[in-house]
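Quick notes on the structure that follows.
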Number of protein chains: 2
Amino acid sequence: MKKDSRKKATIYDLSMLSGISPSTVSAVLNGTWRKRRIKESTADLIRDLAEKHQYTTNRQAQGLRSSRSGLVGLMLPVYDNRYFSSMAQTFEAHVRQRGQCPIVVSSSRDPREERETAENLISYSIDELFICGATDPDGVHQVCEAAGLKHINIDLPGTKAHSVISDNYEGGRTLTEAIIHHFPADDPLVPDELFLFGGRNDHASRERIRGFRDVKRALLGADPEASIQPTGYSPNTARIAFETFFEKAGRLPRALFINSSINFEGLLRFMSAHPHETFADLVVGCYDYDPFGSFLPFPVIMMRQDVEGMITKAFELIEETRTPPKIHLIRPDLVPPRTALTGPLDGLKDIV
Amino acid sequence: MKKDSRKKATIYDLSMLSGISPSTVSAVLNGTWRKRRIKESTADLIRDLAEKHQYTTNRQAQGLRSSRSGLVGLMLPVYDNRYFSSMAQTFEAHVRQRGQCPIVVSSSRDPREERETAENLISYSIDELFICGATDPDGVHQVCEAAGLKHINIDLPGTKAHSVISDNYEGGRTLTEAIIHHFPADDPLVPDELFLFGGRNDHASRERIRGFRDVKRALLGADPEASIQPTGYSPNTARIAFETFFEKAGRLPRALFINSSINFEGLLRFMSAHPHETFADLVVGCYDYDPFGSFLPFPVIMMRQDVEGMITKAFELIEETRTPPKIHLIRPDLVPPRTALTGPLDGLKDIV
DNA sequence: CTTTTTTGCACAATCGATGGTGCAATTAAT
DNA sequence: ATTAATTGCACCATCGATTGTGCAAAAAAG
């Protein structure tokens, strides 16, 4: 009876089997059947049949017709660190809860690749795009705008669409204060013992640096220009910066403000080439949270960005296209050294 | 002239504008035009027009017609740890290189959710599915099989399709040996000072445990049953196991074989509740690599699973459906303490 | 027992791209 | 100058679901 069981059943198959027209089958299965005044009994019949034949709707056909795919895109710079991977995890949970399907891609912080990635996603008729940590959010905006695609910026702000980002200035202040206060009153930090490494000339780095400087000036009385060492977002350039500093100064600073966990990995690389004693009295503040990072042999104070809060806010705002673009700040949390926070993993059932 | 510029141009638009038939336009733009004996000049004309109007093909329509979407799926248990996030990163790179689009989803180690996730991906007519770390790979296989979808298991093996997994037995042996050899000859480890925590009753855990026991018996002469403490793959159950042990024994074992970085996070949670001295002479081996984990205050020996190797092998094998299902083992690498390996992040350009 | 209203569903066009088929016009062969 | 072969492209059905429209049959109103 059934044709090749390898081919999925379609509404036409169900139509043939039941003698009911394809349009009615469709209406029943997509829930619009009441509006179309289909008899309850007819609906039941079709639903049974659909179940029996394991019918699932072909989303390509559905999407073609309705020009909505049920796909929601998230564009990330990279997957492979705790900040972005928890972003992906949280995003996915939200999307699936709305009955849609997440499609997460990375674009390597390259403006051209960002635009091409967006184009590519658009060719799949995605319904919405979350642009996270883009180097050129406004470039991506143009592409989305041209296709009439709803979109929102996360992590790094743009000027053409709403943005939801970490409160980098306040976060930078808080972290800097925590670093300074970590030193005892009888042996306090002095201005040229506290350096900021990492980041580049983007909104997040600028704001964090501004917070860093403001607090440094206020609490330590001075803020030498040289205490800011932007390195880009790469472990390797950060490593080189640490090496260079170390060779010049003969030691690391007593205290480091590291701009991201990616840059922190640069410190790890530096560490692997130097004996443990090099870090005996080091204090690190890192703008990102990584559970293992929190337990290194020296005190590591971390800022956990509120990923859940950012994603939630972004979902609220993505519908909002009437009001002029605005930047929404989400406060990050200070995480003291040796702290293991719970995360998305804790949502899973504990099966042994 | 142009209609709503918010709507993407279609082959019909280009057809109207050029006076050339849609089928010819299509042939030119999808590359089959030589086979269809289209004049070079006609092709040029259409390509110019396509460029001018920023034409991109509608993948839904294309997919509907050809029943191939260009989407390649990866199903993960979770995103949020370095092993799986590097899996996602590596997978994406391979897929994009083949001109396809990655679609990564997580399924929480829940057999039902795994099958439903697969169904959902299938409804998007994905071309291939990589099933990574699935609790019930054979269940997912059934779903794929019914839809005629090519698929392959990674990380945890199934019996119905090819599997590419870490060489858990050899890895387990190597790691156990490394732990034991980390202790000096004048104060060697004794059998009941080395415990294995984490994992559950899955293929990976069983093989690692087998390697652990074999080496332990060979090098230490005995292997008490109690030295294996499966906890499932959750930070919290692992934490509880450490707490329980600690309360009973008054201390942690001198050496730990931890089954995964997720379980290692359970140790972090335990650590946050105990003073630093508790871990003064601890040696840890962890079956997974995390750069920050490698630099904890005690020696941490890690096994890095060869994600790149596994993904590469999986892409080779997924085409191979004639031969009976086989398990392909990929050797992991031993990573000594205080080692910062490079990873996918290093592929990015270093922009400051 | 008509006329009007409501119910229940079928028909057919549509979304955009693809590929088999057919048919002029051009070129080559005889 | 015919016939045969080749070139260049148009036509049309198709993939599967959606939706506006139309039309019988059943029910309600008169």
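We name chains A, B, ... by the order of the sequence lines, and we start the count at 1 in each one.
- By the 4.5 Å heavy-atom criterion applied to side chains, A/R96 and A/P102 are counted as neighbours.
- Taking the six-membered ring where the residue is Trp, A/Y79 and B/Y79 present parallel rings, their angle staying beneath 30° rather than reaching 60°.
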Both distances under 3.5 Å, Watson-Crick or G-U wobble: on that basis, could you give the dot-bracket string for DNA chain D, with [ ] for crossing pairs and | for other-strand partners?
-> ||||||||||||||||||||||||||||||
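- Between B/R68 and B/D127 there is a salt bridge, since a side-chain N of the basic residue sits under 4.0 Å from a carboxylate O of the acidic one.
- Contacts of A/I20 with the nucleic acid, taken as non-hydrogen atoms under 4.0 Å apart, involve only primed sugar atoms and P, OP1 or OP2.
- Within 4.0 Å of B/G19, counting heavy atoms only, lie sugar-phosphate atoms of the nucleic acid but no base atom.
- Between C/dA17 and B/Y55, a contact under 4.0 Å exists linking OP1 or OP2 to a side-chain N or O.
- Rounded to an integer number of Å, the gap from CZ of A/R68 to P of D/dG16 is 23 Å.
- Mapping B/L64 and B/E40 onto DNA chain D by nearest heavy atom places B/E40 closer to the 5' end of the strand.
- Not one side-chain nitrogen or oxygen of A/T10 sits closer than 4.0 Å to the OP1 or OP2 atom of D/dG16.
- Without hydrogens or angle criteria, A/S86 side chain to B/D80 main chain gives no donor-acceptor distance under 3.5 Å.
- The interatomic distance linking A/M16 (CE) with D/dG16 (P) rounds to 13 Å, in whole Å.
- Rounded to a whole Å, the NZ atom of B/K35 is 13 Å from the P atom of C/dT21.
- If you check D/dA17, D/dA10, C/dC9 against the side chain of B/S21, the one that comes closest is D/dA10.
- Residue A/T57 places no side-chain N or O under 4.0 Å from the OP1 or OP2 atom of D/dG16.
- Residue B/I11 contributes atom CD1, which lies 13 Å from atom C1' of D/dC11 at whole-angstrom precision.
- Using modelled atom types and a 3.5 Å distance limit, the side chains of B/T312 and B/E308 yield a donor-acceptor pair.
- Between A/L49 and A/V25, the closest side-chain pair of non-hydrogen atoms is not below 4.5 Å.
- As rounded to whole Å, 15 Å separates atom P of D/dG8 from atom CG of B/L45.
- At a threshold of 4.0 angstrom between heavy atoms, the contacts of A/S67 with the nucleic acid are absent.
- Under the 30°/60° scheme for interplanar angles, the aromatic rings of A/F315 and A/F91 are found to lie parallel.
- Between the CD1 atom of B/I38 and the P atom of D/dT7 there is a distance of 13 Å, rounded to whole Å.
- In this structure, B/W33 places its CH2 atom 19 Å from P of C/dG20, rounding to the nearest Å.
- One atom, OH of A/Y12, and another, P of D/dA17, lie 7 Å apart when rounded to the nearest Å.
- No hydrogens or angles considered: nothing links the side chains of A/K150 and A/T321 as a donor-acceptor pair under 3.5 Å.
- Taking 4.5 Å as the limit, some side-chain heavy atom of A/C101 sits within range of a side-chain heavy atom of B/Y124.
- Donor-acceptor pairing under 3.5 Å is recorded for the side chains of B/H162 and B/T323.
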Can you check each nucleotide of nucleotides 19-28 of chain D against protein heavy atoms at under 4.0 Å and return B for base, S for sugar-phosphate only, - for none, in 5' to 3' order?
-> BBB-------
